[in-house]
There are 2 protein chains.
Amino acid sequence: MLPEDRKELILRELAMRGSLNAAEFAAKAGISGMTVRRDLATLADQGLLVRVHGGAVAAPENSPGPQRTASPSRPRRLPMATIGMVVPSASYYFPGVIRGAEAAAQEAGVRLVLGVSNYSVQEEQRQLRRLLDNGVDGILVTPSEVSLAGTDTLALLADAGVPVVVVERSIEDALDDGELESVRSDHGRGAEIAVNHLLQLGHRKVGLGIREGSPTGPPVTAGYHQALQRAGMPRDESLVHTVTRPRTGPEDHPGVVDRILDSFLAAGVTAAIIHSDEDALQFTSACLERRLRVPEDFAIVAYDDEIAALGAVPLSAVAPPKFDVGYQALQMCLNRIGGRRSGTGALRRVSLSPALVVRESSRS
Amino acid sequence: MLPEDRKELILRELAMRGSLNAAEFAAKAGISGMTVRRDLATLADQGLLVRVHGGAVAAPENSPGPQRTASPSRPRRLPMATIGMVVPSASYYFPGVIRGAEAAAQEAGVRLVLGVSNYSVQEEQRQLRRLLDNGVDGILVTPSEVSLAGTDTLALLADAGVPVVVVERSIEDALDDGELESVRSDHGRGAEIAVNHLLQLGHRKVGLGIREGSPTGPPVTAGYHQALQRAGMPRDESLVHTVTRPRTGPEDHPGVVDRILDSFLAAGVTAAIIHSDEDALQFTSACLERRLRVPEDFAIVAYDDEIAALGAVPLSAVAPPKFDVGYQALQMCLNRIGGRRSGTGALRRVSLSPALVVRESSRS
DNA sequence: TTGGGTGTGTTCAGTATTGTTCAACTTGTT
DNA sequence: AACAAGTTGAACAATACTGAACACACCCAA
């Protein structure tokens with residue numbers, strides 16, 4: 001590598017990250033710390049960066065070269081905006097999404113206002129109206145209902161007058177109404193990844209358990225079937241079970257899980273994907289109680305990764321990109337508010353891929 | 001090898017990678033280091049590059065020709081990466097995409113290197129390998145084939161070692177192989193928008209003409225059917241025609257268009273979407289020749305918007321977001337290269353919505 | 001305030017790169 | 001064939017760059 005290249009690399013790192021650790025960079029670039037320090041010294045002389053203990057930070061914008069600009073009015077006031085966010089729940093699933101949106105908001109220096117609809121359509125609309133009346137500059141919303149088509153909420157969003165990003169819901173069927181963008185986890189793909197992982201471990205029959213009533217269920221089921229089909233397996237509906245929620249009380253639940261496990265074992269299933277990692281933990285317990293070893297006798301992948309790591313057997317899990325969904329949603333909204341940097345006026349629909357975290361419950 | 005060729009090679013290398021190592025280049029070109037150094041000296045005198053210890057770096061943009069800038073503190077270039085882009089054609093459809101990628105590249109101060117595969121799989125792979133061998137930092141690629149599944153190109157991309165963004169192609173079926181992201185125009189949605197527009201104008205029977213062999217055809221057809229179905233219309237395959245390309249010569253083409261128009265009129269169709277605006281213009285001529293008024297007697301929406309505005313009757317057109325596709329693809333690639341600003345590691349799949357441009361041919 | 005740990009710059013020896021010089025070679029001309 | 005002009009590659013001394021050792025400066029926690 002040329003010395004010049006090295007310096008370029010340093011500046012690039014600095015431009016992208018804002019700061020640079022000398023030792024870290026040396027290791028990454030495979031050069032000695034001394035060389036890095038010398039480069040930093042050179043570049044600092046040219047005013048291209050500012051040395052600090054341990055590395056360097058990017059030079060202030062206003063001094064692209066060796067120069068001394070005495071700018072008394074430093075603090076640049078960012079144009080502050082307020083983004084409203086409405087989610088159905090602040091306890092299940094969405095905390096991750098909210099954290100992502102918060103992170104992006106903080107970075108961009110905008111304010112995020114949250115509303116929770118508790119899966120009530122009325123409440124949802126009330127929250128949205130409140131936000132709009134208060135003059136927010138953009139909206140992130142996860143409607144309670146799975147499909148937006150023809151709902152009052154859609155009508156409300158369609159002429160909100162501000163950019164709207166729909167989060168974790170489809171806008172396929174709402175294309176004429178307003179300028180909606182969307183960001184979603186690609187749960188179908190998440191399921192496919194899990195199935196492929198299990199097939200690769202040699203399992204021939206893979207079961208699926210889906211939590212009752214969850215909007216995540218259908219796409220996961222679809223992805224599951226698709227992955228099996230691609231692998232040339234016959235479609236077998238009997239391997240898909242619904243994990244019903246306890247109605248009479250929590251003590252009912254283990255019974256449901258037990259029956260599903262029975263059914264799996266009877267069908268020769270040796271691995272399963274269980275939606276909601278909470279249920280997956282229950283399921284694991286059921287396996288262990290029957291002296292089934294996990295993963296040797298039965299492999300398990302949880303769908304969702306809130307508490308999957310905490311079981312007696314840490315569970316492999318598909319982790320939906322919740323943080324990223326929130327983060328990207330806010331960025332897209334902001335991008336649409338802010339004066340549309342060059343090109344890029346087209347409405348976006350973004351799918352984010354979940355990631356598989358392999359833990360004990362599905363190791364080879 | 002001619003001295004001129006050598007210099008040409010040097011400049012190309014420089015344009016491609018931004019820097020050049022003299023010894024390395026000498027070895028690769030099979031010439032002595034001395035000769036390389038002499039060439040570099042000559043080119044540096046002409047201002048075509050800047051010598052540095054160990055080799056040379058590309059000359060700053062603003063000095064394209066021989067000039068003598070006596071400024072010892074040369075204007076430093078921005079931190080820079082090189083992105084390779086491979087498209088099947090540089091004349092049809094992709095110029096818009098390329099422009100978008102170029103714009104984003106310029107904004108970000110990175111270098112964009114283009115390769116054209118001419119729809120040849122071999123050429124495509126050769127181009128990709130060339131780019132990778134030359135050490136690009138990221139790849140934007142539109143594979144020649146519609147589906148990536150199981151192709152050698154996919155294998156190549158899967159372990160490219162740098163971020164890869166697939167442009168205008170699906171990666172649905174390639175999820176296990178490497179970390180691919182994608183950006184595409186949502187042609188299905190484009191067709192839906194066009195259909196809804198025509199239905200809204202009161203048309204009850206809407207025809208569709210699809211250019212033969214285009215990868216855009218299937219999604220457009222699917223969107224067309226879906227929009228009609230949503231509107232409660234019966235599915236009628238007889239309203240969909242393929243616009244075959246002239247085989248014997250250009251004089252054959254009007255005949256094809258004429259027959260399609262015949263068929264439409266016989267079926268009571270009063271509006272049509274014609275894929276490729278070029279064919280749409282032909283189609284419009286055919287209408288006018290028969291004394292059909294456009295749009296009063298027959299409304300037309302072109303799919304694609306290259307020359308739709310230029311007809312005797314300016315055509316309404318669905319404009320795929322080509323520029324945006326290129327722009328976003330490059331940004332996504334860069335984002336993945338750059339040190340992953342907080343959050344946001346999840347792989348993205350982005351659909352961009354086409355826009356309907358209403359002109360004379362479909363006004364109320 | 002006082003240590004221990006970490007980061008910094010100096011020095012120096014080793015290595016890589018550079019430009020000079022010159023001989024060998026190619027090409028076109030006499 | 002002989003020559004001049006231009007190009008190329010090898011040898012080599014001068015120079016630039018690199019990494020290791022080491023003494024010192026800085027930061028942080030007790």
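Labels below follow one simple rule: chain letters A, B, ... track the order of the sequence lines, proteins then strands, and each chain is numbered from 1.
Both the sub-6.0 Å distance and the 45° axial angle are not jointly satisfied by A:Lys322 relative to the ring of A:Phe94.
For the atom pair CG of A:Asp186 and CG of B:Leu347, the computed distance is 10.5 Å after rounding to the nearest 0.5 Å. One distance of note links CG of B:Leu112 with SG of B:Cys333; it measures 9.5 Å at 0.5 Å rounding. The distance from atom CG of B:Leu40 to atom CZ of B:Arg51, rounded to the nearest 0.5 Å, is 5.0 Å.
Between B:Thr35 and D:dG9, a side-chain N or O to OP1/OP2 separation shorter than 4.0 Å is present.
Across the protein-nucleic acid pair, A:Asp5 atom CG and D:dC17 atom P stand 14 Å apart, rounded to whole Å. Protein atom CG of B:Leu2 is 10 Å distant from nucleotide atom P of C:dT27, rounded to whole Å. Taking atom CD1 of residue B:Ile31 and atom C1' of nucleotide C:dA24, one finds them 18 Å apart after rounding to whole Å.
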Heavy atoms under 4.0 Å is the rule here; annotate nucleotides 2-19 of chain C 5' to 3' with B where the base is hit, S where only the sugar-phosphate is, and - elsewhere. -----SBBBB-----SBB

Under the salt bridge (Lys or Arg N to Asp or Glu O under 4.0 Å) rule, what do B:Glu181 and B:Arg349 come out as? Steps first, then yes or no, please. CA-CA 6 Å; B:Glu181 296 192 299; B:Arg349 273 180 2 210; over 6 Å; no

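Salt bridge B:Arg99/B:Glu102: absent, no basic N to carboxylate O contact under 4.0 Å.
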